[in-house]
Every structure is written in C-alpha cells, then in structure tokens.
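Following: one structure in structure tokens, then a few remarks.
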Amino acid sequence: MFFVRRTSVLLSFLGALALLPAAAVQAATFVNPGFETGTFSGWQTIGNTSIASSSVGSGPPEGTSQALLSTAGTTPALANPLEFFLGLPAFSLNSLGNGSVVEGSAIQQTFTATAGELLSLQWNFLSDDVGAASNNDFAFISINGLSTLANTATASFFSSATAFDFETGFQTFSFVIPTTGTYTLGLGVVDVGDRFIASALLVDNIRFTAAAVPEPATVLGIAGFGSLIAGSWRKRRPQKTN
C-alpha cells in the first residue's frame, strides 16, 4: 500500500507539472490593437490623432483601419505635457539626441502580458521635413524604456502618395516581454526646432505571439525521471517475510 500511495502521488504531481506551462501562457490583455473599431477605444490620446483608412495613400498593412498621429496643428510647446502624458520624466524626448522637441502627438495603452510573449507592430514615418539638419523630426516608441523609431536626418525615405512628401514605408518593431506584469505602450511623433513643417506616424497591426511552451521531449524527460524515481521506490519497498 505504501508503494501504491507514493506512486499515485508522484504521477499526479507529474501530470500537474506537465500541464502547468500551457496554463501559464496567456494572451496579453490588449484592447483594439488594430484600430478596427474605427475609434481609439482602449487607447488614450494627446495632440492630433485620428483613425485612417487606405485613402491616406499608405496602408493599412492589416484590416481596414490604422492610427494616424500628426504634428500638424498641435499645441505649441507641447513637449513637456507630452512626456507627462506618457509618464516620462521631463525632457526625456530631448535626451534621445534628435534635438529640442517643440510639439507632438501620441497614443498609449496599458496592458498585462506574460513573460516571453512577443509584442510586434508596424509603423510608417511620414514627413515634409526630410533633409533639414536643424529640424530633425522623429517618431518614437515607449515601452520599458524610450527609443527612436525613425528621424528625418538618418531614416531612408521614398516619395509618398500621402499628404506628406516622404515616407519610410511600413516597418516592424518587436519587443519580448521580459517578466509577467503590467506595461504601457506609447507611440508618438514630434516636431524638432520648428512648428511649421509637419511629420506624422502611421501605426497598425499590433499583435502578441504567445510564449513558447516546452518541447514534448522536455515533458517526456520529466515523465522518464518520474519513472526512475518510481522504480527506485519499488526496489526500496520492504520485502514480505514468511
């Protein structure tokens, strides 16, 4: 009876262990990731933001809607409010080294995700300010840190069919969730140096790929280890005496 009870407990434990990784992998809780509602539901916005279709002349790369963020018509000296909106320290955008930000627009959403999930999105930077060294407009992303997506001084552009002269075309940004928890994704575009020549950012196709589960060989290895333990218990079981 001792051996039967111990073996039963071991097998129950191994069964639960084998099921644990699959149960732990959960999709991120993200609302309206492709803007297909035709609104910014689930998002917070600041500045000049709108939902655009293919009629703008570029995209969307997925579905029928995409987010359009523009510096045109935004409030002068919007840099610090923009950083406050994103929960960033004052002058964080200037610290990226693209120049002194004077205005801009942004969107953000807070979500929960599981360690190992891959966040990806597509973006397209548009501008009329290409080649102006002192007016280095740029697009940026904020998630677990702040970084430049593209700027007018160094990005590769081609002629655009949009209302802007140039665009980078859609490119992909990817980020692996380091630890399970809550994150805030922020995306924005800003004017540098002047408020007279505009730039914009198209965003679409935000998605999450689930964290990888252990290979079947790993689970089989655990089961095999359990068999060895069970065999060891069998050998150590007290022998019946006559």
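Just so it is clear, the structure is predicted and the values come from calculations on it, not from any experiment.
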Does any non-hydrogen side-chain atom of [Y] lie less than 4.5 Å from one of [X]?
{"X": "Asn124", "Y": "Asp204", "value": "no"}
{"X": "Thr110", "Y": "Thr182", "value": "yes"}
{"X": "Ile143", "Y": "Phe111", "value": "yes"}
{"X": "Thr64", "Y": "Ser53", "value": "no"}
{"X": "Phe196", "Y": "Asp191", "value": "no"}
{"X": "Ile107", "Y": "Phe35", "value": "yes"}
{"X": "Asp194", "Y": "Asp129", "value": "yes"}

I would like to know whether Ile206 and Leu119 meet side chain to side chain contact (heavy atoms under 4.5 Å, CB included); could you show each step before the answer? CA-CA 7 Å; Ile206 300 169; Leu119 162 67; 3.8 Å; yes
Indicate the atoms forming the closest heavy-atom contact of [X] with [Y], along with that distance.
{"X": "Leu201", "Y": "Ala139", "value": "CD1-CB, 3.8 Å"}
{"X": "Gly42", "Y": "Val31", "value": "CA-CG1, 3.8 Å"}
{"X": "Ala28", "Y": "Glu117", "value": "N-OE2, 3.1 Å"}
{"X": "Ser105", "Y": "Leu69", "value": "O-CD2, 4.0 Å"}
{"X": "Ala115", "Y": "Thr180", "value": "N-OG1, 2.9 Å"}
{"X": "Leu88", "Y": "Ser142", "value": "CD2-OG, 3.8 Å"}

For Trp43 and Leu185: C-alpha separation, side-chain torsions, deciding distance, then whether side chain to side chain contact (heavy atoms under 4.5 Å, CB included) applies. CA-CA 10 Å; Trp43 293 87; Leu185 171 65; 4.2 Å; yes
For Phe125, check ring-ring contact (aromatic ring centres under 6.0 Å, His included) against everything at least two apart and list the hits.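 Once residues adjacent in sequence are excluded, the partners of Phe125 under the ring-ring contact (aromatic ring centres under 6.0 Å, His included) criterion are Phe157.
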For the hydrophobic clusters of this structure (ILVMFWY residues joined by side-chain heavy atoms under 4.5 Å, transitively), does one cluster hold both [X] and [Y]?
{"X": "Val203", "Y": "Leu118", "result": "no"}
{"X": "Val101", "Y": "Leu86", "result": "yes"}
{"X": "Val189", "Y": "Leu149", "result": "yes"}

How many angstroms lie between atom [atom1] of [X] and atom [atom2] of [Y], to the nearest 0.5 angstrom?
{"X": "Leu202", "Y": "Phe170", "atom1": "CG", "atom2": "CZ", "answer": "4.5 Å"}
{"X": "Asn205", "Y": "Gln122", "atom1": "CG", "atom2": "CD", "answer": "4.5 Å"}
{"X": "Glu83", "Y": "Asn94", "atom1": "CD", "atom2": "CG", "answer": "6.5 Å"}
{"X": "Asn151", "Y": "Asn136", "atom1": "CG", "atom2": "CG", "answer": "4.0 Å"}
{"X": "Phe138", "Y": "Leu93", "atom1": "CZ", "atom2": "CG", "answer": "5.0 Å"}
{"X": "Asp128", "Y": "Asn135", "atom1": "CG", "atom2": "CG", "answer": "12.0 Å"}

How far apart are the C-alpha atoms of Ser120 and Ser174, what are their side-chain angles, what is the distance that settles it, and do they pass the side-chain hydrogen bond (donor to acceptor under 3.5 Å, both in side chains) test? CA-CA 4 Å; Ser120 63; Ser174 298; 5.1 Å; no
Under the criterion side chain to side chain contact (heavy atoms under 4.5 Å, CB included), I'd like the reasoning laid out for Trp123 against Leu187: C-alpha separation, chi angles, the key distance, then a yes or no. CA-CA 10 Å; Trp123 58 271; Leu187 293 148; 5.8 Å; no
Side chain of Ser70, backbone of Ala200: donor and acceptor closer than 3.5 Å?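 Answer holds: no.
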Within the side chain of Thr152, is there an N or O that forms a donor-acceptor pair under 3.5 Å with the backbone of Asp137?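 Side chain of Thr152 to backbone of Asp137, a donor-acceptor pair under 3.5 Å: yes, one is there.
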What class does the angle between the rings of Phe208 and Phe30 fall in, given that below 30° is parallel, 30 to 60° is tilted and above 60° is perpendicular?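 Ring orientation, 0 to 90° scale: tilted.
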Which one of Val56, Thr45, Leu68 satisfies the side chain to side chain contact (heavy atoms under 4.5 Å, CB included) criterion with Ser50?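 Looking at Val56, Thr45, Leu68, the match for Ser50 under the side chain to side chain contact (heavy atoms under 4.5 Å, CB included) is Leu68.
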Between Ile46 and Leu82, does the side chain to side chain contact (heavy atoms under 4.5 Å, CB included) criterion hold? Intermediate values first, please. CA-CA 7 Å; Ile46 187 172; Leu82 189 63; 3.5 Å; yes
Could you tell me which residues satisfy side chain to side chain donor-acceptor pair (under 3.5 Å) with Ser127, sequence neighbours excluded, listed by chain and number?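 Only Ser199 meet the side chain to side chain donor-acceptor pair (under 3.5 Å) criterion with Ser127.
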